[in-house]
**Student:** 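Handing you a structure now.
Computation of the quantities below employed the complete heavy-atom set of this structure, encompassing side-chain atoms and omitting hydrogens, waters and symmetry-equivalent molecules.
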Amino acid sequence: MDVMGDKATLCATGRFVQPSGEDPARDEAGEAAEEVRLRLAAEAGDAEAASVLGAVLLRRGDLDGAEPHLRAATAAGDRAAANNLGVLLHQRGYAEEAAGWWRIAAVAGSAAAAHALGRHHRERGDEPAAEYWLRQSAEQGHVLGAYALADLLEHRGDAGAEHWMRAAAERGHREAAYRLARTLDRRAAAREGDRGFGGAAGEAEQWYRQAAARGHRQAALQLGAILEKRGDLREAGRWYLTSAKDGEPRAACALGFLLRDAGDTESAAVWWLRAAQDGDGNAANALGALHAERGETQTAERWYRAALTAGDDNGAYNLALLCAEQGRTAQAEQWYRHAAYAGHREAANALAILLLQGGDTTGAEPWFAKAAEAGSVDAAFNLGILHAGRGEDEAALRWYGRAAAAGHTEAALQVGIARLREGEEQEAERYLRCAAGGGSAEAAYRLATVLDARRPPEPAHELGESAHEKTECEEWYERAAAQGHRRAQVRVGMLAAARGDVVEAARWYRAAAEAGSRNGAFNLGLLLAREGSEPEAAVWWTRAADAGHGRAALRLALVYARRGELAEGQRWADRAVALGPAEVAERAGRLRDALREELSA
């Protein structure tokens, strides 16, 4: 609320009425001549001249000179003079006498006086009287009266506030335009299905734009945020710059982020510095992160502390991260606790992890729970791991499900695996699709196996036969294989071999084998043997057998038996019997016995 009596704001408050005879554009010489003319006319009894002269002197701050002229004009019935006399008396500290003159002027039809009188009553807590006079002013078209009435009604939660706020905004009141935009913005955000740029939100942008164009720095900031969200970065930057130059630190901070994203880190740092020096914690954190990236840890710590001093709890969290990177575990725990107690959910999760790493499971669990309840997806997943480790499958699944619902890939995988175990294939598929879509190779593989099991059997293919169109399950196998999943690589190789694509099959078998897959090594050996490269096949079978693959050991026994190396063949047959499975052990046993007889003959 404007302070009455401040000469710089008399015109702005509307309590000072500037009669139509006054022209503020006159030069000093013209003003002096005009003042002389007004004095002569006032002394001759011209009430209008006395009113104008009193207004001129009041605006200049000459209260003693203005008062007699205003009183004379008021006595002659000039309502503008009565209003200005009220302003003068209010500046002298005679609020009640000022209200008396405003009442006289308001009753005579002065909208400005009705506004001033309404403000007077509101300042004294008499809201019914305030509303009456402000309504009188607003209904006469007085813009400040409309705004003051809207402010009063909004304070009381009256639905009529928006009507008068809109009326003031339409007449050019920039604060009214800003507040109307905020109201429309909140309504748009709360309305389901509103996407931010149509309906109420679209109208909000128009009012932000009007207020910003009239120099409202918060409106310029909000307009910049809307444009940035839409992707109009150039115009957003212009409004951020306008707001920042007018002293809005949040706009300076936002401008810094825009410049950083555009690759101009040096300019970004200049605006962050300006915002941080004005008390913006977010900008201080940004400066800290910038210096931390450069390895300037002491400067980074100083800015993180500045952010904390500014009331930004991210400062404590960032200090903890900095200490953790430097191995200062005790200090990291201290800062994590500081941020966590202030409600920082990621700090609570990090603190729990730190405690868990130190073996304090009991201390970690409540912090995981606090972070998860505050919305930390990672904390919900970590709680799932904690419960699963204790064998508390139901509790683990509940937390995994919560994290999965928020888009956590690994949590969705765990729920999918659990549903598969329970035989709920359709539900499992839903979660596996989410996890696979999020980049989990294991989920992609398991999803492929689910889809694979549903496929009808396909006719056998001959080598060299043209490849058929890939099924969805093959596409998921390939996605997992491309991410290095060994079992998926083996399966993709098998599918390629089944459709006759030997080169593709060998490529995937080799990739799996080189990554340590014994099945990949065995299958690659089969493929090479079929192509006539038995010596190379034996190399891969040896690798597979050494990793515990019984069939590979049996193949090696047969290779060495054919070569006449009976003792080596018997050794691999013994190995195959030990590795199994049963069918392989039986065949290997017969071969071993035959080789033993041959050796003893």
Side-chain angles (χ1 to χ4, degrees), residues 2-26 30-123 129-130 132-149 171:
D2 299 317
V3 178
M4 289 192 289
D6 182 349
K7 290 183 290 182
T9 60
L10 285 175
C11 291
T13 62
R15 290 170 176 171
F16 176 83
V17 173
Q18 193 173 316
S20 58
E22 186 179 1
D23 180 4
R26 286 193 297 266
E31 285 181 356
E34 177 64 12
E35 186 176 332
V36 169
R37 186 191 69 76
L38 290 172
R39 284 186 184 278
L40 292 174
E43 289 170 1
D46 188 328
E48 184 179 355
S51 176
V52 174
L53 180 59
V56 169
L57 296 172
L58 177 60
R59 184 175 59 185
R60 188 184 298 163
D62 184 359
L63 304 189
D64 291 335
E67 185 170 354
H69 294 295
L70 291 174
R71 286 190 180 277
T74 299
D78 190 298
R79 68 184 188 187
N83 177 68
N84 289 336
L85 180 58
V87 172
L88 184 148
L89 292 168
H90 194 278
Q91 288 189 52
R92 290 191 184 279
Y94 303 130
E96 295 304 324
E97 188 178 353
W101 288 111
W102 280 330
R103 183 182 298 274
I104 290 171
V107 169
S110 171
H115 165 245
L117 186 58
R119 291 281 292 274
H120 169 82
H121 284 297
R122 188 176 182 189
E123 287 164 2
Y132 173 81
W133 288 111
L134 290 175
R135 196 174 291 278
Q136 293 294 316
S137 175
E139 288 175 351
Q140 291 181 64
H142 193 276
V143 61
L144 294 175
Y147 175 71
L149 176 60
R171 294 179 186 128

**Student:** Examine distances only and state if a side-chain atom of R171 and a backbone atom of V143 form a donor-acceptor pair shorter than 3.5 Å.
**Tutor:** no
**Student:** Which heavy atom in A81 sits nearest to a heavy atom in A73, and how many Å separate them?
**Tutor:** CB-CB, 3.5 Å
**Student:** What heavy-atom pair brings Q91 and L63 nearest, and what distance separates the two atoms?
**Tutor:** OE1-CD2, 4.1 Å
**Student:** Tell me the closest heavy-atom pair linking G54 and A66, and the distance in Å.
**Tutor:** O-CB, 3.4 Å
**Student:** Work out which heavy atom in D78 is nearest to a heavy atom in A80; give both atom names and the distance.
**Tutor:** OD1-N, 3.0 Å
**Student:** To the closest 0.5 Å, what do you measure between CG (L85) and OG1 (T74)?
**Tutor:** 5.0 Å
**Student:** Check whether any side-chain heavy atom of E34 sits under 4.5 Å from a side-chain heavy atom of V56, and report yes or no.
**Tutor:** no
**Student:** Measure the CG-CG distance between L38 and L57 for me, rounded to the nearest 0.5 Å.
**Tutor:** 9.0 Å
**Student:** Hey, what do you get for OH (Y132) to CG (L117), rounding to the nearest 0.5 Å?
**Tutor:** 10.0 Å
**Student:** Where the side chain of W101 meets the backbone of N83, is there a donor-acceptor pair that is under 3.5 Å apart?
**Tutor:** no
**Student:** In Å and rounded to the nearest 0.5 Å, what is the CD to CD distance from E31 to E35?
**Tutor:** 8.5 Å
**Student:** In plain terms, say whether R92 and E67 are close enough for a salt bridge, that is, a side-chain N and a carboxylate O under 4.0 Å apart.
**Tutor:** yes
**Student:** Got a second to check how far D46's CG is from L53's CG, nearest 0.5 Å?
**Tutor:** 10.5 Å
**Student:** Write down the atom of N84, the atom of L58, and the distance for their closest heavy-atom approach.
**Tutor:** O-CD2, 3.6 Å
**Student:** What are the two closest heavy atoms between H69 and A50, and how far apart are they?
**Tutor:** CB-O, 3.5 Å
**Student:** Taking side chain as C-beta onward, heavy atoms only, is H142 less than 4.5 Å from Q136?
**Tutor:** no
**Student:** What distance separates L149 CG from H115 NE2, expressed to the nearest 0.5 Å?
**Tutor:** 10.0 Å
**Student:** Check whether the ring centres of W102 and H90 lie less than 6.0 Å apart, and answer yes or no.
**Tutor:** yes
